[in-house]
Amino acid sequence: MAATTRRPADDPRPGPGEPDAGRSRGVAGTAARVHRRLVVNRSRLGHRIGYALRHPGRILPHLRRAARDARLRRRHPDHVSYYSAVMASDVRRSPEAAVGSANRERWLALGKMQYDYLVGHGLKPHHRMLEIGCGNLRAGRLFIAHLDTGHYHGIDISPDILLYAHRTVAEYDLRDKLPHLSLTRDLRLEFLPSEHFDVVHAHSVFSHSPLEVIDECLAHVGRVLKPEGFFDFTFDRTEGEEHQVLREDFYYRTETLVGLARRHGLHARFMDDWEKLPHKQSKIRVSRSPEPRLS
């Protein structure tokens, strides 16, 4: 999923005016900075004016992005069609930027972060994995190489980014692993088999999704999960007022998404260990079992 004229939300580097977590302010300063980030409402006029005054060089790119998004929303009133058009626009500029990476180096590093996390949580070659919003296989290339032949299935709403996923398969010589790459228009997952996947994974997807899209996914993901499998997803967390920016970036409270999963009969928990990694999105694990275990 994409973000076009700002530092990507999943970029762990400090932004302009943000001190490095490892430097002068120490733990207390870092905690205060995180708290400010989690309570700010980026949609409010006061915040936008203050941000523009602090970063005047970003005003024109933001206005271009806002005009582009307004034009696309008029043409594509439903969110999935709209965001597919956003992706098409972003891919023309840069496939790496279209999936939220500032450059190729960040693309590689963020893919490895996702891979290392799931392998550390028990992902083995014999497991079957579904990646929702697989993009151009930023992490998928590593999962494909790790998993047994045919055990990776990636889906995305953007045909443009899936073409780059095909290129990634060829670039990293993953053809013999026979990855499944599918275009989808929704998250009902109706074309996928029941109780088939050990792990379902969605990185930087719900951060770009309105609540009805998340609800649709949670209503159906339990069917494709094995009884002891789990679904990990990242989201932009707020501890203040839930809000969105340009219908591209959505900020949710943890309890909203945990409660939504529970309404669909799923267990959900906030993944504290993910918070220790250099990444600005948070992670929730959803499962059919109260204690999912990969075997």
Side-chain angles (χ1 to χ4, degrees), residues 1 80 114-135 137-158 162 165 169 174 176-206 209 211-235 254 256-271 273-274 282-295:
M1 296 283 188
V80 172
Q114 297 170 57
Y115 170 79
D116 288 345
Y117 184 82
L118 281 182
V119 170
H121 279 250
L123 182 68
K124 300 291 195 301
H126 67 273
H127 291 137
R128 295 184 184 274
M129 179 178 183
L130 170 66
E131 185 167 27
I132 298 172
C134 64
L137 303 181
R138 174 171 61 180
R141 65 189 175 84
L142 298 170
F143 294 130
I144 293 168
H146 176 70
L147 296 170
D148 290 343
T149 298
H151 282 211
Y152 174 90
H153 199 135
I155 63 174
D156 207 287
I157 63 170
S158 169
L162 282 176
V169 170
L174 298 168
D176 291 344
K177 284 302 191 89
L178 300 177
H180 304 278
L181 299 173
S182 301
L183 181 67
T184 186
R185 284 191 54 81
D186 56 50
L187 294 181
R188 295 186 179 96
L189 312 175
E190 56 193 0
F191 63 97
L192 296 171
S194 298
E195 298 191 355
H196 186 71
F197 296 103
D198 300 277
V199 172
V200 179
H201 178 247
H203 182 92
S204 198
V205 174
F206 290 174
S209 300
L211 204 59
E212 61 266 23
V213 172
I214 301 174
D215 182 59
E216 178 180 83
C217 183
L218 293 174
H220 297 280
V221 73
R223 181 186 63 80
V224 304
L225 270 174
K226 290 184 178 180
E228 300 300 321
F230 60 78
F231 170 32
D232 276 9
F233 63 83
T234 63
F235 68 105
T254 301
T256 296
L257 302 182
V258 168
L260 194 61
R262 288 175 178 164
R263 285 199 291 274
H264 291 294
L266 299 169
H267 302 272
R269 66 185 178 99
F270 185 80
M271 302 304 289
D273 60 344
W274 175 262
S282 295
K283 186 184 289 284
I284 288 174
R285 175 163 296 173
V286 169
S287 59
R288 294 169 58 187
S289 167
E291 295 185 7
R293 299 175 190 270
L294 296 181
S295 58

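- A cation-pi contact, defined as under 6.0 Å to the ring centre and within 45° of the axis, is absent between Arg128 and Phe197.
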Full working for side-chain contact (heavy atoms from CB on, under 4.5 Å) between Leu181 and Val169: CA-CA 10 Å; Leu181 299 173; Val169 170; 4.2 Å; yes
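- When each of Arg223, Arg288, Lys226 is tested with Glu195 by the rule salt bridge (charged side-chain N to carboxylate O under 4.0 Å, His left out), just one qualifies, namely Arg288.
- Proximity of Asp186 to Glu216: side-chain heavy atoms (C-beta onward) are separated by under 4.5 Å at one or more points.
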After noting the C-alpha distance and the side-chain angles of Leu294 and Glu228, does the key distance pass the side-chain contact (heavy atoms from CB on, under 4.5 Å) rule? CA-CA 7 Å; Leu294 296 181; Glu228 300 300 321; over 6 Å; no
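- Taken to the nearest 0.5 Å, the CG atom of Leu260 stands 11.0 Å off from the CD atom of Glu212.
- Between the side chain of Lys177 and the main chain of Leu147, a donor-acceptor pair closer than 3.5 Å is present.
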Kindly indicate, with the supporting measurements, whether the criterion side-chain contact (heavy atoms from CB on, under 4.5 Å) is fulfilled by Leu225 and Phe230. CA-CA 7 Å; Leu225 270 174; Phe230 60 78; 5.5 Å; no
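- Pairing each heavy atom of Ala268 with each of Ile284, the nearest pair is CB-CG2, 4.2 Å.
- The closest side-chain heavy-atom distance from Ile155 to Leu130 is below 4.5 Å.
- Closest of all the heavy-atom pairs between Ala219 and His264 is CB-CE1, 3.4 Å.
- Distance CG/Leu189 to OG/Ser194: 10.5 Å, rounded to 0.5 Å.
- Taking the side chain as every heavy atom from C-beta outward, His121 and Asp273 approach each other to under 4.5 Å.
- Shown here are the ring pair (Phe, Tyr, Trp, His ring centres under 6.0 Å) partners of His146, two or more places apart in sequence or in another chain: Tyr115.
- Less than 6.0 angstrom separates the ring centroid of Phe143 from the ring centroid of His201.
- Counting heavy atoms from C-beta on, the side chains of Val200 and Met129 never come closer than 4.5 Å.
- Annotation: salt bridge (Lys or Arg N to Asp or Glu O under 4.0 Å) contacts of Arg293 (sequence neighbours excluded): Glu291.
- Rounding to the nearest 0.5 Å places CG of Leu257 at 10.5 Å from CG of Asp215.
- Closest of all the heavy-atom pairs between Cys134 and Leu162 is SG-CD2, 3.7 Å.
- Summarising the geometry of Gly122 relative to His127, their closest heavy-atom pair is O-CE1, 3.1 Å, with the distance given to 0.1 Å.
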Verify side-chain hydrogen bond (donor to acceptor under 3.5 Å, both in side chains) between His151 and Asp198, making sure each step is shown before the conclusion. CA-CA 10 Å; His151 282 211; Asp198 300 277; over 6 Å; no
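- Annotation: the span from Cys217 atom SG to Phe231 atom CZ amounts to 4.0 Å, rounded to 0.5 Å.
- By the 4.5 Å heavy-atom criterion applied to side chains, Ile132 and Leu187 are counted as neighbours.
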Determine, stepwise, if the pair Phe206 / Phe233 fulfils ring-ring contact (aromatic ring centres under 6.0 Å, His included). CA-CA 7 Å; Phe206 290 174; Phe233 63 83; 4.7 Å; yes
Begin with the C-alpha distance, continue with both residues' side-chain angles, and end with the deciding distance and a verdict on side-chain hydrogen bond (donor to acceptor under 3.5 Å, both in side chains) for Ser289 and His267. CA-CA 7 Å; Ser289 167; His267 302 272; over 6 Å; no
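- Interatomic distance, CZ of Arg263 versus CG of Leu218, reported as 9.5 Å (0.5 Å rounding).
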Thr184 and Phe191: side-chain contact (heavy atoms from CB on, under 4.5 Å), yes or no, with the steps? CA-CA 9 Å; Thr184 186; Phe191 63 97; 4.1 Å; yes
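- The main-chain N or O of Ser282 is never found under 3.5 Å from a side-chain atom of Thr234 such that the two would form a donor-acceptor pair.
- Between Ser182 and His153 the shortest side-chain heavy-atom distance falls below 4.5 Å.
- Residue His126 comes nearest to Ser295 through the heavy atom pair NE2-O, 2.7 Å, listed as atom of the first residue, atom of the second, then distance.
- Here Phe270 contributes atom CZ and Arg285 contributes atom CZ; the two are 13.0 Å apart, rounded to the nearest 0.5 Å.
- Checked by atom type, the side-chain pair His203/Asp232 shows no donor-acceptor distance below 3.5 Å.
- When every heavy atom of Asp176 is checked against every heavy atom of Thr149, the shortest pair comes out as O-CG2, 3.5 Å.
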